[in-house]
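The structure under discussion appears below in the form of C-alpha cells.
Both backbone and side-chain heavy atoms feed into the values below; hydrogens, waters and symmetry mates do not. These numbers were taken from a predicted model, which means no experiment stands behind them.
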Amino acid sequence: MERTRIGLLGAGRMGRNHARVLTTLRYADLVGVYDPASEAAHRLAAQYDVAAFESFDALLEQVDAVSIATPTPTHYELVATCLERGLDVFVEKPFTETWMQAEALVALVQRTGQIVQVGHIERFNPAYGELKHVLENMSPLVVNFRRLSSYVGSNTDVDVVLDLMIHDLDLALDLAGADPLQIEADGFTVFSGAIDYANVTLKFAHWPLLTLTASRVTEQKVRSIDVTALEAYIESDLLNKSIQVHYRTVGEYVHHNHGGVKYRQESVVERIHVPIAEPLHAELEHFVHCVRTRQQPRVTAEHGLRTLRLAETIRELIQRRMLDARLEYGHAGSALAPDVARAVVA
C-alpha cells in the first residue's frame with residue numbers, strides 16, 4: 001500500500017507540532033504546508049524540507065488527507081471543502097465554532113464517507129488509557145477533573161471552556177458513555193471579558209457525580225483526574241503521566257509496653273505503570289491508520305459534535321450569571337496577579 005500523502009493547514013504553534021510529528025510517521029509523508037501567513041508557511045516548510053503552497057487549492061490537489069491546525073473560526077469552511085474534494089481530515093479541537101456547524105459537517109461526513117478525526121488529544125494520553133483500565137474493576141462515586149493554567153500563554157481566541165475544559169468534557173462523555181441528565185455551571189472573567197474560570201457539575205443516570213474545573217488564571221499547570229471509588233481513591237496526573245491508587249485500609253489499636261494503646265492506620269498505595277508515549281504522535285498515527293484501513297477513528301465527527309454541544313450549553317449557563325472580577329478588583333489582574341496584568345497591558 002502506498003504511503004499516505006498529508007497536507008498541513010496552519011503554520012502556527014499547533015501547526016509546528018503537527019509538522020514535527022507528521023514527518024516521523026512510518027506510513028505517511030508530509031507533502032507540504034499552507035498558511036495565509038506565507039512567511040510562516042515558508043519558514044516551517046523549509047525546516048522540514050517540504051513544499052510551501054501558495055494557495056489552499058494547490059495543496060489539496062497534491063494530497064490524500066489534511067491535518068487542520070488553524071484557528072477555530074476557520075474550521076467549518078476548511079473541513080467542508082476538504083470533504084467535498086474527497087479528502088480525509090484531521091481537525092484540531094474544538095471541531096467548529098458552533099454546534100450547528102458541527103452538525104452540518106457530521107451530515108457531510110455521512111454523505112461523503114470520508115474519515116474525520118477530531119483532535120481531542122487526551123484520549124491518546126497513556127495515563128488516561130491506564131486510568132480506564134483501573135476503573136474497569138472499580139465502583140466510582142465521584143470523578144473530579146482539573147485543568148488549570150496561567151493566563152499568559154493561553155489561547156485567548158476562545159474562552160476557557162472551549163480552550164481547556166472541552167478536553168475534559170470529551171473524557172467525561174467517554175467515561176460515562178451517555179449524555180448528562182443535569183448540568184450545573186458557574187464561572188467568572190478576570191482578564192479577557194470572556195470566561196476565564198469555570199466550574200461544572202455533571203449528573204448522569206448510571207454514572208457517578210462528575211465535577212470539572214478549568215482555569216486560565218491559576219499560576220500552576222495542572223491536568224488531573226481524581227476518582228473516589230468504593231474500593232480506592234485514584235490520583236491520575238495527565239501532565240506527568242502517573243497514576244496512584246490508594247486502597248482502603250482498616251485501622252487497628254496497637255498496645256505498646258510503656259506507651260499505652262495507640263491507633264495506627266497503614267496506607268497501601270499502588271503506583272500504576274504508565275507507558276511512555278507522546279499523545280500527539282499516537283493521535284496522528286491513529287489518524288493515518290484509519291485513513292489506510294478505512295476504520296472509524298477513536299474520536300469521530302459525531303464525538304466532536306456531542307462534546308461541542310455540551311460545551312456550548314455550559315457556556316450559556318455561565319454567561320447568564322457570570323461574575324466579573326474586574327469589577328471587584330479594578331483593572332484586570334491589578335490586585336490578583338500583577339505580572340499577568342502587565343503582560344495583558346503589553
Side-chain angles (χ1 to χ4, degrees), residues 93 119-149 160 164-184 197-215 218-254 262-283 285-286 298-299 303 306-307 310:
K93 65 82 192 170
H120 286 289
I121 194 170
E122 294 290 24
R123 293 275 202 108
F124 297 86
N125 189 318
Y128 176 67
E130 292 304 314
L131 175 64
K132 289 186 71 175
H133 291 318
V134 171
L135 293 179
E136 288 175 357
N137 300 312
M138 298 283 178
S139 305
L141 300 173
V142 181
V143 182
N144 300 309
F145 296 83
R146 290 193 305 153
R147 191 167 294 264
L148 317 177
S149 293
V160 75
L164 296 180
M165 182 174 280
I166 197 164
H167 285 292
D168 294 325
L169 293 174
D170 174 67
L171 299 184
L173 292 174
D174 181 52
L175 285 176
D179 292 325
L181 297 180
Q182 185 176 340
I183 304 169
E184 298 172 5
Y197 186 98
N199 187 265
V200 173
T201 300
L202 303 178
K203 298 178 181 178
F204 297 84
H206 303 292
W207 185 258
L209 187 69
L210 273 70
T211 67
L212 304 92
T213 300
S215 168
T218 304
E219 295 307 314
Q220 183 176 351
K221 189 173 183 178
V222 176
R223 307 285 187 267
S224 68
I225 306 175
D226 300 328
V227 182
T228 298
L230 285 174
E231 301 83 359
Y233 174 65
I234 305 103
E235 295 178 290
S236 177
D237 186 334
L238 302 182
L239 192 61
N240 297 305
K241 313 293 191 297
S242 66
I243 299 175
Q244 295 189 35
V245 183
H246 301 257
Y247 287 100
R248 292 180 61 184
T249 58
V250 178
E252 62 177 346
Y253 289 94
V254 179
K262 294 185 177 181
Y263 182 79
R264 181 180 69 185
Q265 183 170 357
E266 294 183 352
S267 177
V268 178
V269 180
E270 179 184 7
R271 290 173 173 80
I272 305 297
H273 172 70
V274 177
I276 298 174
E278 181 188 6
L280 182 59
H281 188 280
E283 183 179 44
E285 187 174 55
H286 176 71
R298 192 177 304 175
V299 187
H303 290 123
R306 186 179 172 202
T307 302
L310 177 57

Checklist entry - Going by heavy atoms in the side chains, are Met165 and Val160 under 4.5 Å from each other? => result no
Checklist outcome for this item: For Ser215 and Leu164 the tightest heavy-atom approach is O-CD1, 3.4 Å
Next on the checklist: Evaluate Lys93 against Asp170 for salt bridge (Lys or Arg N to Asp or Glu O under 4.0 Å), listing each step before the verdict.
Outcome noted: CA-CA 10 Å; Lys93 65 82 192 170; Asp170 174 67; over 6 Å; no
Next on the checklist: So, taking the atom named CG in Asn137 and the one named CD in Glu231, what distance separates them when rounded to the nearest 0.5 Å?
Outcome noted: 8.5 Å
Checklist entry - Of all residues at least two apart in sequence or in a different chain, which pass the side-chain contact (heavy atoms from CB on, under 4.5 Å) check with Thr201? => result Glu184, Lys203, Leu209, Thr211
Checklist entry - Which is it for His167 and Ile121 under the side chain to side chain contact (heavy atoms under 4.5 Å, CB included) test, yes or no, and what are the steps along the way? => result CA-CA 8 Å; His167 285 292; Ile121 194 170; 3.8 Å; yes
Checklist entry - Should Val227 and Ser236 count as side-chain neighbours, where that means a heavy-atom distance under 4.5 Å? => result no
Next on the checklist: Donor-acceptor pair, distance only, cut-off 3.5 Å: does the side chain of Asn125 make one with the backbone of Leu238?
Outcome noted: yes
Checklist entry - For the atom pair CG (Leu148) and OG1 (Thr218), what is the distance rounded to the nearest 0.5 Å? => result 4.5 Å
Item to check | Spatial distance of atom CZ (Phe145) from atom CD (Glu122) [nearest 0.5 Å] | outcome: 10.5 Å
Item to check | Nearest heavy-atom neighbours spanning Asp237 and Ala127 | outcome: O-CB, 4.0 Å
Checklist entry - Who passes side-chain contact (heavy atoms from CB on, under 4.5 Å) against Glu235, sequence neighbours left out? => result Asp226, Tyr233, Gln244, His246
Checklist entry - Is a donor on one side and an acceptor on the other found under 3.5 Å between the side chain of Arg147 and the backbone of Val222? => result no
Checklist entry - How far does NE2 of His133 sit from OH of Tyr128, to the nearest 0.5 angstrom? => result 11.0 Å
Next on the checklist: Please check if the number of heavy atoms outside Leu230 that lie under 6.0 Å from its CG is greater than 12.
Outcome noted: yes
Checklist entry - Does a side-chain heavy-atom distance below 4.5 Å link Ser242 with Arg271? => result no
Item to check | Which atom of Met138 lies closest to which atom of Ala232, heavy atoms considered | outcome: CE-CB, 3.9 Å
Next on the checklist: Quick check: do Leu173 and Leu202 have side-chain heavy atoms less than 4.5 Å from each other?
Outcome noted: no
Item to check | Closest contact, heavy atoms only, Ser149 versus Lys221 | outcome: OG-CG, 4.2 Å
Checklist entry - Between the main-chain N or O of Arg298 and the side-chain N or O of Arg123, is there a donor-acceptor pair closer than 3.5 Å? => result yes
Checklist entry - Among all residues two or more places apart in sequence or in another chain, which pass the side chain to side chain donor-acceptor pair (under 3.5 Å) test with Gln220? => result none
Checklist entry - Is any side-chain heavy atom of Val200 less than 4.5 Å from a side-chain heavy atom of Asp168? => result no
Checklist entry - Do the non-hydrogen side-chain atoms of Thr213 and Tyr197 ever get within less than 4.5 Å of each other? => result yes
Checklist entry - Considering only heavy atoms from C-beta outward, does the side chain of Asn199 approach that of Leu212 to under 4.5 Å? => result no
Checklist entry - Does the Arg306 side chain pair with the main chain of Ala178, one donor and one acceptor, at a distance under 3.5 Å? => result yes
Checklist entry - Do Leu175 and Phe204 have side chains that get closer than 4.5 Å, going by heavy atoms? => result no
Item to check | Full working for side chain to side chain contact (heavy atoms under 4.5 Å, CB included) between Leu131 and Ile234 | outcome: CA-CA 8 Å; Leu131 175 64; Ile234 305 103; 3.7 Å; yes
